[in-house]
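A short worksheet on the structure shown next.
Proteins come first, then strands; the chains are lettered A, B, ... in the order of their sequence lines, and each starts at number 1.
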Amino acid sequence: MTDYLARLNAEQREAVETLDGPLLVLAGAGTGKTRVLTTRFAHILVTGRAWPGQVLAVTFTNKAAREMRERVSAIIGRPAEGLWLGTFHALCARMLRRHAEYVGLSPSFTILDADDQLRLLKQVMEAERIDAKRWAPPAMMGLIQRWKDRGLTPARITPAEDTDFANRRARHVYAAYQARLASLNVADFGDLLLHMTEIMRAQPDVLAQYHRAFRYILVDEYQDTNLVQYLWLRLLAQSHRNICCVGDDDQSIYSWRGAEVENILRFEKDFPGAKIVRLEANYRSTEPILAAASGLIAHNEGRLGKTLRPGRNDAANGEKVSVIALWDSDEEARMVGERIEALRRDGNSLAEMAVLVRAGFQTRAFEERLIVLGVPYRVIGGLRFYERQEIRDAIAYLRIVVQPADDLAFERIVNVPRRGVGEAALRTMHETARADGIPLLDAAAKLIADGALKGKLKSSVDELLRGFARWRQMLDRDGPVVTAATVLDESGYTDMWQKDKSPEAPGRLENLKELVRALADFETLAGFLDHVSLVMENEENAEGDRVSLMTLHGAKGLEFDTVFLPGWEEGLFPNQRALDESGLKALEEERRLAYVGLTRARRRAIVSHAANRRIYANWQTSIPSRFIDELPDAEIERTGSATLAREVRLTAPTVFTGQFPLVARRTRVVEAWEQPSRPARQEAIPVGSRVFHQKFGYGTVTAAEDDRLDVAFDRAGDKRVLDRFVEPA
DNA sequence: AAGGTTAATGTTTTT
DNA sequence: CATTAACCTT
């Protein structure tokens with residue numbers, strides 16, 4: 001029964017068998033993190049420490065949750081049921097249904113998606129008379145989300161926090177937004193965590209209930225937790241302290257989403273006596289790949305410090321990491337295509353190859369190339385199932401059936417299909433709703449009863465309202481599947497797409513069918529709606545042998561024999577925008593992203609960069625990413641038609657000495673080597689001098705480092721820009 | 001209210 | 001370039 005322990009190495013075994021007290025597992029890439037987590041879970045059950053329902057296991061993705069559930073089942077030899085195993089959000093939603101009244105919601109609250117969130121916020125900002133031109137709603141949304149990530153309810157926000165948005169009215173807007181959510185009986189994603197944390201803080205009996213319920217807590221991807229998730233965990237763990245967090249600070253790539261690596265450091269502080277186990281034996285990659293990745297990540301400061309060592313017997317026989325220099329992005333796509341074909345000819349499976357890019361738009365060039373070559377591929381990421389227009393529309397209908405007061409859903413579908421409800425009619429409904437303090441749906445009914453609506457508008461809206469009354473009864477009588485099918489049919493929604501002649505229409509109808517089909521697995525419509533917003537993913541086009549194309553973020557947790565890492569150029573990767581916004585912090589995160597990319601590869605990693613890249617309309621010259629220079633020379637092999645660039649760069653005499661050090665030497669050489677479309681800068685730009693930038697206007701240079709300048713722009717504020725984009729003023 | 005035009009604007013996005 | 005939101009015309 002304990003033969004599962006025999007399959008672990010010493011450090012993994014320690015992580016599994018240390019069951020009492022707080023434990024932090026620092027697990028490097030490919031060191032068997034998931035195995036440790038699932039084995040630990042099973043070990044708790046097998047040793048009789050707890051029943052399955054007494055273990056709380058938290059992941060970030062549904063995929064990870066599913067995987068863990070399957071592997072735990074396999075070890076204990078039966079389907080694992082009644083588990084508290086899921087994503088932070090799914091677990092919180094489940095809890096919040098029990099205690100919704102504490103935060104002014106009813107247990108039937110629905111969960112809002114990003115689109116509805118923004119629409120609602122726009123309305124709130126409009127009502128608060130905030131100029132949307134000057135204060136962009138998406139920026140305000142970001143601010144609110146970051147507050148929520150930090151566990152800050154409007155009441156917890158100090159005036160000092162509310163300084164730089166809409167003349168210190170951000171806190172007020174946030175409060176109004178929250179009030180509006182409550183009045184609609186909806187919660188956004190952030191609220192799930194925020195509300196539960198707030199409830200556990202304020203209601204000792206609720207907290208005590210969960211302390212009794214959970215004896216052990218397991219947390220995956222701990223480096224990606226944000227503050228509110230940390231608080232939530234800490235509250236739940238504070239009585240028994242049997243909490244085990246697994247993470248890797250070197251793979252923290254979501255700080256821009258509110259994740260705080262500092263949580264790892266905080267862990268030791270808040271759980272004194274916490275044991276720390278390091279997993280450093282990598283069973284995934286060959287030695288050159290590990291050494292290259294380690295050499296790269298060593299350039300980051302402030303790491304907890306782990307050294308990956310090869311754990312595979314055959315690790316030493318690996319090929320070096322290829323670094324290929326190419327003339328332009330077309331040649332890069334051609335190179336990747338050719339390599340893929342060659343590998344396939346040698347008997348390699350396409351499913352074992354991946355192209356990992358920094359930004360989503362980069363996949364297109366490779367898609368086009370692979371189509372020409374007739375190589376099957378799949379793009380991972382992009383629109384999720386529930387983000388599709390037709391699914392969101394259908395769900396809006398269903399939400400109103402469950403929740404007649406859901407104004408956002410009503411607003412979304414009242415004129416879909418067209419019922420002649422335009423801006424004017426909607427405004428009238430809003431006014432009536434606000435005046436009488438009733439939901440939009442009731443306001444519409446009232447306007448019809450009062451004879452305020454006329455003609456086609458009146459009859460079509462009336463029919464819709466009668467429909468909702470009917471469908472609501474039907475739900476009790478005939479269940480969700482029949483109701484959903486009827487709603488889509490009788491509302492004219494299916495009809496609308498059947499009449500649509502666009503090429504996407506058939507696919508949309510197919511998705512609607514899939515939605516109804518998926519409903520069969522659920523007892524209640526409310527349960528299904530939760531599933532759709534919290535869990536439902538794309539069917540990943542998994543069938544067949546295909547090359548995977550995805551972003552580096554999307555590749556976390558995956559592995560492939562061969563990994564292509566194109567576009568390693570300054571500006572693109574590391575991404576200039578990230579650098580401009582968050583400086584060194586962003587650079588280190590970009591570097592971690594590069595580390596994640598390299599460590600996805602089992603046997604082969606092919607890094608490439610192009611000297612010229614078409615961005616939007618025109619061609620732009622790029623220089624190789626600094627990350628390439630940071631790869632240890634011994635582990636890489638440089639080839640490619642643009643190898644010359646490097647030779648030139650390395651052998652060119654250092655022209656500029658003394659006075660203005662570190663100025664764009666690399667840029668200049670590469671530009672000299674190709675056509676002089678943009679004249680190379682002849683002189684360094686001294687600190688303190690006045691410059692002009694096409695986009696930001698005039699400013700004063702405050703610092704210079706390599707080819708980038710810190711400039712205090714007169715109007716645009718402090719920015720970091722490439723020196724070739726400014727001119728001496 | 002609907003359809004067609006122009007102008008603005010381009011990272012990453014587990015839930 | 002290519003997508004989308006805001007705008008203007010019928």
Side-chain angles (χ1 to χ4, degrees), chain A residues 58-67 86-93 111-114 117-118 122 132-133 136-138 141-142 145 148-149 187-194 220-221 223-226 228-229 251-259 356-365 368 380-384 386-387 415 417-427 455-457 460 530-537 550-558 567 571-582 586 589-590 592-594 596-597 614-620 695:
Chain A
V58 200
T59 63
F60 270 86
T61 64
N62 293 297
K63 200 173 155 208
R66 207 183 318 120
E67 224 172 87
T87 62
F88 276 101
H89 293 85
L91 292 169
C92 279
I111 298 163
L112 230 52
D113 59 63
Q117 283 177 45
L118 192 60
K122 275 181 186 162
K133 289 252 155 50
M141 195 76 250
Q145 272 163 2
K148 290 187 176 182
D149 286 342
D188 68 19
F189 270 102
D191 282 341
L192 299 173
L193 264 301
L194 186 70
D220 193 13
E221 304 281 18
Q223 77 283 350
D224 288 335
T225 50
N226 59 35
V228 72
Q229 288 161 338
Q251 291 187 66
S252 160
I253 54 174
Y254 281 103
S255 76
W256 52 276
R257 286 277 264 102
L356 309 183
V357 295
R358 172 65 242 262
F361 70 85
Q362 290 174 259
T363 58
R364 234 190 50 189
E368 284 168 5
I380 295 177
L383 267 195
R384 258 170 284 278
Y386 69 86
E387 286 169 343
N415 201 35
R418 301 237 181 276
R419 296 188 178 89
V421 182
E423 206 188 327
L426 198 59
R427 200 182 326 116
K456 187 173 168 287
L457 173 64
S460 60
D530 266 9
H531 176 79
V532 170
S533 50
L534 289 170
V535 180
M536 205 152 172
E537 307 160 69
M550 69 188 100
T551 63
L552 287 159
H553 284 91
K556 203 179 73 170
L558 304 177
L572 191 59
F573 188 44
N575 182 275
Q576 189 58 49
R577 188 176 276 244
L579 261 38
D580 288 344
E581 271 167 30
S582 315
E589 182 147 321
E590 296 283 303
R592 290 194 289 270
L593 205 46
V596 167
R614 198 170 47 205
I615 294 189
Y616 311 133
N618 42 359
W619 286 89
Q620 231 184 340
K695 191 163 146 211

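Rounded to whole Å, the distance from CG on A/L112 to P on B/dT15 is 17 Å. A straight line from CD of A/Q362 to C1' of B/dT12 spans 11 Å, rounded to a whole angstrom. Atom-to-atom, CG of A/D191 to P of B/dT15 comes out at 18 Å; the value is rounded to the nearest Å. One interatomic measurement links the two molecules: CE of A/M141 to C1' of B/dT13, which rounds to 14 Å at whole-angstrom precision. In this structure, the CG atom of A/L593 is 11 Å from the P atom of B/dT12, given to the nearest Å. In this structure, NZ of A/K148 is placed 18 Å from P of B/dT15, rounded to the nearest angstrom. Whole-Å rounding puts the A/M550 CE to B/dT13 C1' distance at 15 Å. As rounded to whole Å, 12 Å separates atom P of B/dT15 from atom NE2 of A/H531.
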For nucleotides 2-10 of chain C, give me every protein contact, N/O to N/O, under 3.5 Å, one pair per line with atom names.
none

Strictly under 3.5 Å: I want the nitrogen or oxygen pairs between protein and nucleotides 7-11 of chain B, one per line.
residue	atom	partner	partner atom	Å
B/dG10	O5'	A/R577	NH2	3.3
B/dT11	O2	A/R358	NH1	3.1
B/dT11	O2	A/R358	NH2	2.7
B/dT11	O4	A/E581	OE1	3.3

Tabulate atom names and distances for all N/O pairs under 3.5 angstrom spanning the protein and nucleotides 1-4 of chain B.
residue	atom	partner	partner atom	Å
B/dA1	OP1	A/G422	N	2.9
B/dA1	OP2	A/A424	N	3.4
B/dA2	OP2	A/N415	ND2	3.4

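Judged as a salt bridge (Lys or Arg N to Asp or Glu O under 4.0 Å), and not counting sequence neighbours, the contacts of A/R66 are A/E537. Scored by the salt bridge (Lys or Arg N to Asp or Glu O under 4.0 Å) test, A/E221 finds A/K33, A/K556 as partners (sequence neighbours excluded). Looking at residues two or more places apart in sequence or on another chain, you find a side-chain hydrogen bond (donor to acceptor under 3.5 Å, both in side chains) between A/E590 and A/R358.
Side-chain contact check for A/I111 versus A/H89: every heavy-atom pair is 4.5 Å or farther apart. Counting only heavy atoms from C-beta outward, the side chains of A/P417 and A/R419 approach each other to under 4.5 Å. Contact of the A/H553 side chain with the A/Y254 side chain is registered, since non-hydrogen atoms from C-beta on lie closer than 4.5 Å. Inter-residue side-chain proximity for A/K148 and A/V228 is flagged as unmet; no heavy-atom pair is nearer than 4.5 Å.
As judged by a 4.0 angstrom heavy-atom cut-off over every strand, A/D224 is placed among the base-contacting residues. A/F88 comes within contact range of no nucleotide atom at all, as no heavy-atom separation falls under 4.0 Å.
Not a single donor-acceptor pair under 3.5 Å links the side chain of A/E368 to the backbone N or O of A/A365. A donor-acceptor pair under 3.5 Å links the side-chain atoms of A/N415 to the main chain of A/V421, judged by distance alone. A donor-acceptor pair under 3.5 Å is formed between the side chain of A/S460 and the backbone N or O of A/L457.
The minimum heavy-atom distance linking A/T87 with A/V58 is given by the pair C-CG1, 4.2 Å.
Each of A/E589 and A/V535 was assigned the nucleotide of DNA chain B with the nearest heavy atom; the assignment lying further toward the 5' end belongs to A/E589.
Annotation: C/dA6 and B/dT11 have their C1' atoms spaced 24 Å apart (nearest Å).
Just one residue in the list A/L558, A/V596, A/L593, A/L552 forms a side-chain contact (heavy atoms from CB on, under 4.5 Å) with A/L356, and that residue is A/L552.
The side-chain ring of A/W256 is stacked on the base of B/dT12, judged by centre separation under 5.5 angstrom and plane angle under 30 degrees.
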